[in-house]
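A short write-up of the structure that comes next.
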Amino acid sequence: QVQLVESGGGLVQPGGSLRLSCRASGSIHVIYTMAWYRQAPGNQRELVADITYGGRTNYVDSVKDRFTIARDDAKNMVFLQMNNLKPEDTAVYYCKADIVSPERLRSYDYWGQGTQVTVSS
C-alpha cells in the first residue's frame, strides 16, 4: 500500500540545476532514513545522498557541495536539489524510504519508480 512517487527529472544543460521531489503515501507511521540513488546505463545503482530521521545527511563524494538533500516530514517528502549539473550526473534517479506502517512492527524499504535526469548540451 505504501508508494513513493518521484518528480522533477528532465533534460538540463551542463551547469544547470534541477530539484527532485519524492512523496511517500499510504499506510505510514514513521519514515526513518530517506535516500536518493541513481543508476546510469552500464553502471551499478549507487547511493547519491541520504538523510536520517534526525536530519543527518550523507553524500557520495562526486556530488558533495553540489547536491543537497532535505526532507519535509509533515508532507512525507524528500527532495534533492542538484546544482552545477554535469553530464556524468545523467542517470535514472530513485527515491528510497525506510518506512514503518501501523500494521507492522518493523520498517521496510520502499522504492519509487525512478525519474530520468539527463545533463546534455
With no hydrogens and no angle check, do the side chains of [X] and [Y] hold a donor and an acceptor under 3.5 Å apart?
{"X": "Lys96", "Y": "Tyr110", "answer": "no"}
{"X": "Gln81", "Y": "Ser17", "answer": "no"}
{"X": "Glu6", "Y": "Gln113", "answer": "yes"}

**Message:** Could you check whether Arg19 makes a cation-pi contact with Phe79, meaning its NZ or CZ is under 6.0 Å from the centre of the six-membered ring and within 45° of the ring axis?
**Reply:** yes
**Arg45 NZ/CZ over Trp36 ring centroid, <6.0 Å and within 45° of normal** = no
**Prompt:** What class does the angle between the rings of Tyr37 and Trp111 fall in, given that below 30° is parallel, 30 to 60° is tilted and above 60° is perpendicular?
**Reply:** tilted
**Prompt:** What is the ring orientation for Tyr93 with Phe67, classed by angle as parallel under 30°, tilted 30 to 60°, or perpendicular over 60°?
**Reply:** tilted
Atom [atom1] of [X] and atom [atom2] of [Y]: how far apart are they, to the nearest 0.5 Å?
{"X": "Leu11", "Y": "Ser120", "atom1": "CG", "atom2": "OG", "result": "6.5 Å"}
{"X": "Arg23", "Y": "Ser25", "atom1": "CZ", "atom2": "OG", "result": "8.5 Å"}
{"X": "Met34", "Y": "Leu80", "atom1": "CE", "atom2": "CG", "result": "12.0 Å"}
{"X": "Arg71", "Y": "Ile69", "atom1": "CZ", "atom2": "CD1", "result": "8.5 Å"}

**Asked** With respect to Asn58, which candidate in Ile51, Thr33, Leu47 satisfies the side chain to side chain contact (heavy atoms under 4.5 Å, CB included) definition?
**Response** Leu47
**Message:** Can you tell me which residue among Thr52, Val30, Asp109 is in a side chain to side chain contact (heavy atoms under 4.5 Å, CB included) with Asp98?
**Reply:** Asp109
**Asked** Do Val117 and Arg38 come close enough that some side-chain heavy atom pair is under 4.5 Å?
**Response** no
**Prompt:** Stepwise, does the side chain to side chain contact (heavy atoms under 4.5 Å, CB included) test hold for Val100 with Ile28?
**Reply:** CA-CA 6 Å; Val100 178; Ile28 298 171; over 6 Å; no
**Prompt:** Would Asp73 and Lys75 pass as an ion pair if we require N to O under 4.0 Å?
**Reply:** no
**Item:** Presence of salt bridge, Arg56 and Asp50, under 4.0 angstrom
**Value:** no
Heavy-atom count around [X] [atom1] within 6.0 Å, excluding the residue itself: above 12?
{"X": "Gln3", "atom1": "CD", "result": "no"}
{"X": "Glu88", "atom1": "CD", "result": "yes"}
{"X": "Asn43", "atom1": "CG", "result": "yes"}
{"X": "Gln116", "atom1": "CD", "result": "yes"}

Is there a path of hydrophobic side-chain contacts, each under 4.5 Å between heavy atoms, that joins [X] and [Y]?
{"X": "Val78", "Y": "Tyr32", "answer": "no"}
{"X": "Val12", "Y": "Val63", "answer": "yes"}
{"X": "Tyr59", "Y": "Val48", "answer": "yes"}

**Request:** Tell me, with the steps shown, if Glu103 and Ser27 meet side chain to side chain donor-acceptor pair (under 3.5 Å).
**Result:** CA-CA 8 Å; Glu103 302 84 5; Ser27 185; 2.7 Å; yes
